[in-house]
Amino acid sequence: MKLVILGGGGFRVPLVYRALLADRSPGRVTEVVLHDLDGTRLTAIGGVLAELATDVRDAPTVSTSTDLDEALRGADFVFSAIRVGGLDGRAADESVAAGCGVLGQETVGAGGIAYGLRTVPVALDIARRISVHAPDAWVINFTNPAGMVTEAMSAHLDNRVIGICDSPVGLGKRVARAVGVDLDDVWLDYAGLNHLGWLRGVHVNGRNALPDLLADTERLESFEEGKLFGAEWLRTLGAIPNEYLHYYYFTREAVKSGASRGAFLLEQQKQFYASPSWESWERTRLEREQTYMAETRDDERDADDLDGGGYERVALDLMHAIASDKRATLILNVPNGTTLSCLDADAIVEVPSLVDANGARPVSVSQVPDEGVGLVTALKVVERATIMAAISGERAHAVKALALHPLVDSVSVARKIVDAHPLLSGVFRASF
């Protein structure tokens, strides 16, 4: 089975390959093609993967290519994890937003919109080329903003593109530990959009364990989300939000403390790519995990959250379920259908989904909490305005996408961000 990884020179690719090396199941991936526009990064990551595969019997073969069409031919699965503009772009997204007095974060608020404006045109081109050169391939999208990019790509790939994220599975693992059960023995009642969801039920043997967890302050504040939001607020909500909702519930504090991480990661990865090896990769990865959302915490992350076992595990489980037609339920970014009543059928939502050889279909879940409906519908409007702006190239649409976001508090600020951003200014034409 052939897997093509777009963004194959990216830092997190060894996580995927490490999971593939541990996979001994029938029908496993036997060939990996790394595609990237940067040959130097491809060489660096290819070397790390070669070290990982040392002494591993029947390790998947690895090849590299800077030719997208060539890489795609014959693919069974395409894993898209690209970063248009690189970490320089992320640093600019975050610093421009912060300089305008609003939240500067990679995927949330103005930073996420700027990232989407750059990424959607490239993602659409990739989707078109996959439909031509690998029409039977399943596309697993981890490119951020994951929900927005998956929705854009679905225009060409329909249900053959499925978005994934490691935030829900990370939340699930932490909650399962707090409840005292294995994640495989829990059904998570989770609903929302990517980076904007709520855990509304934790079902173990037919019983919802969430009310007892919410009532127990010690257990509730033993894991990241409990510490982040506080037991009192979680009990008020009657749910456990995705960690990214911190930026909406505690906006002033987030803006004051700063959420920008791009400049740090840029410098960190420059050092790794200058002298790549498995040892330096693992050291850099551990530091990266330790500093994740560090501005929101008063203490160090739990050791159990540093293993990196997130999106690569979801991707592997997703590929297994489709390739072997073995049913699995995973939290994924898929078309809504009739699942969430506050959104239309084509909207990409993040909910538990049943996966088999026919792809992924959302299952019945609790609705988004009443107090979250306005936020979810507003963010879907913003996502679609961003897609429209990226396709049309019109400045008015870009300003609209920014101005409608709940974390951008002025049309004037939205205009300033478009005009001040080094990767956006001059790109969008005046529409009138």
Side-chain angles (χ1 to χ4, degrees), residues 90-116 144-145 147 167 170-171 192-199 214 217 220-221 223-265 291-301 368-383 385-386 399-421:
R90 173 175 176 174
D93 295 342
E94 295 174 343
S95 64
V96 169
C100 292
V102 297
L103 181 74
Q105 206 279 331
E106 177 193 17
T107 65
V108 176
I113 294 170
Y115 191 7
N144 276 321
S167 287
L171 170 59
L193 305 179
N194 180 239
H195 290 182
L196 195 78
W198 292 261
L199 181 62
L214 290 172
T217 298
L220 191 56
E221 294 189 344
F223 59 95
E224 286 196 6
E225 286 77 8
K227 297 172 184 176
L228 184 62
F229 296 104
E232 180 184 359
W233 182 238
L234 295 183
R235 280 195 284 268
T236 299
L237 293 173
I240 302 179
N242 183 292
E243 59 200 344
Y244 283 87
L245 273 151
H246 171 81
Y247 299 119
Y248 296 92
Y249 291 143
F250 298 93
T251 306
R252 285 194 180 193
E253 293 85 350
V255 172
K256 182 178 180 180
S257 63
S260 302
R261 197 162 170 251
F264 163 75
L265 292 177
T291 58
Y292 175 69
M293 292 185 76
E295 77 282 357
T296 66
R297 297 193 311 273
D298 296 323
D299 55 6
E300 295 183 355
R301 296 190 76 190
V368 170
D370 289 345
E371 65 272 15
V373 169
L375 191 54
V376 165
T377 54
L379 263 293
K380 182 53 66 176
V381 168
V382 169
E383 285 184 357
T386 305
V399 170
K400 178 182 178 181
L402 283 158
L404 292 179
H405 198 288
L407 298 181
V408 177
D409 57 1
S410 168
V411 175
S412 298
V413 171
R415 290 174 177 148
K416 184 177 179 181
I417 290 170
V418 172
D419 294 338
H421 199 299

Quick one: ring pair (Phe, Tyr, Trp, His ring centres under 6.0 Å) partners of Phe250, sequence neighbours excluded?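 Expected list: His246.
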
Tell me the closest heavy-atom pair linking [X] and [Y], and the distance in Å.
X	Y	value
Lys380	Leu193	CE-CD2, 3.9 Å
Pro406	Leu375	CG-CD1, 3.8 Å
Thr386	Gly116	CG2-C, 4.1 Å
Val382	Ala401	CG1-O, 3.6 Å
Ile417	Val102	CD1-CG2, 4.2 Å
Val368	Val373	CG1-N, 3.8 Å

Could you grab the distance from atom [atom1] of [X] to atom [atom2] of [Y], nearest 0.5 Å is fine?
X	Y	atom1	atom2	answer
Tyr248	Leu379	OH	CG	4.0 Å
Leu171	Phe223	CG	CZ	7.0 Å
His421	Lys416	NE2	NZ	14.0 Å
Arg415	Leu402	CZ	CG	11.5 Å
Tyr247	His195	OH	NE2	9.5 Å
Leu228	Ile240	CG	CD1	11.5 Å

Are any of the side-chain nitrogens in Arg235 or Glu232 under 4.0 Å away from the carboxylate oxygens of its partner?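 Answer for the salt bridge query: no.
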
Closer than 3.5 angstrom, by distance alone: can the side chain of Glu94 be matched with the main-chain N or O of Arg261 as a donor-acceptor pair?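 Yes; at least one donor-acceptor contact below 3.5 Å.
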
Side-chain contact, heavy-atom cut-off 4.5 Å: Leu237 with Glu371?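 They are in side-chain contact.
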
Just wondering, do Pro145 and Val108 contact through their side chains at under 4.5 Å, heavy atoms?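 Not in contact.
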
What orientation do Phe229 and Tyr249 show, parallel under 30°, tilted 30 to 60°, or perpendicular over 60°?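 Rings of Phe229 and Tyr249: perpendicular, as their planes differ by over 60°.
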
Stepwise side-chain contact (heavy atoms from CB on, under 4.5 Å) check, Leu103 with Thr251: CA-CA 8 Å; Leu103 181 74; Thr251 306; 5.5 Å; no

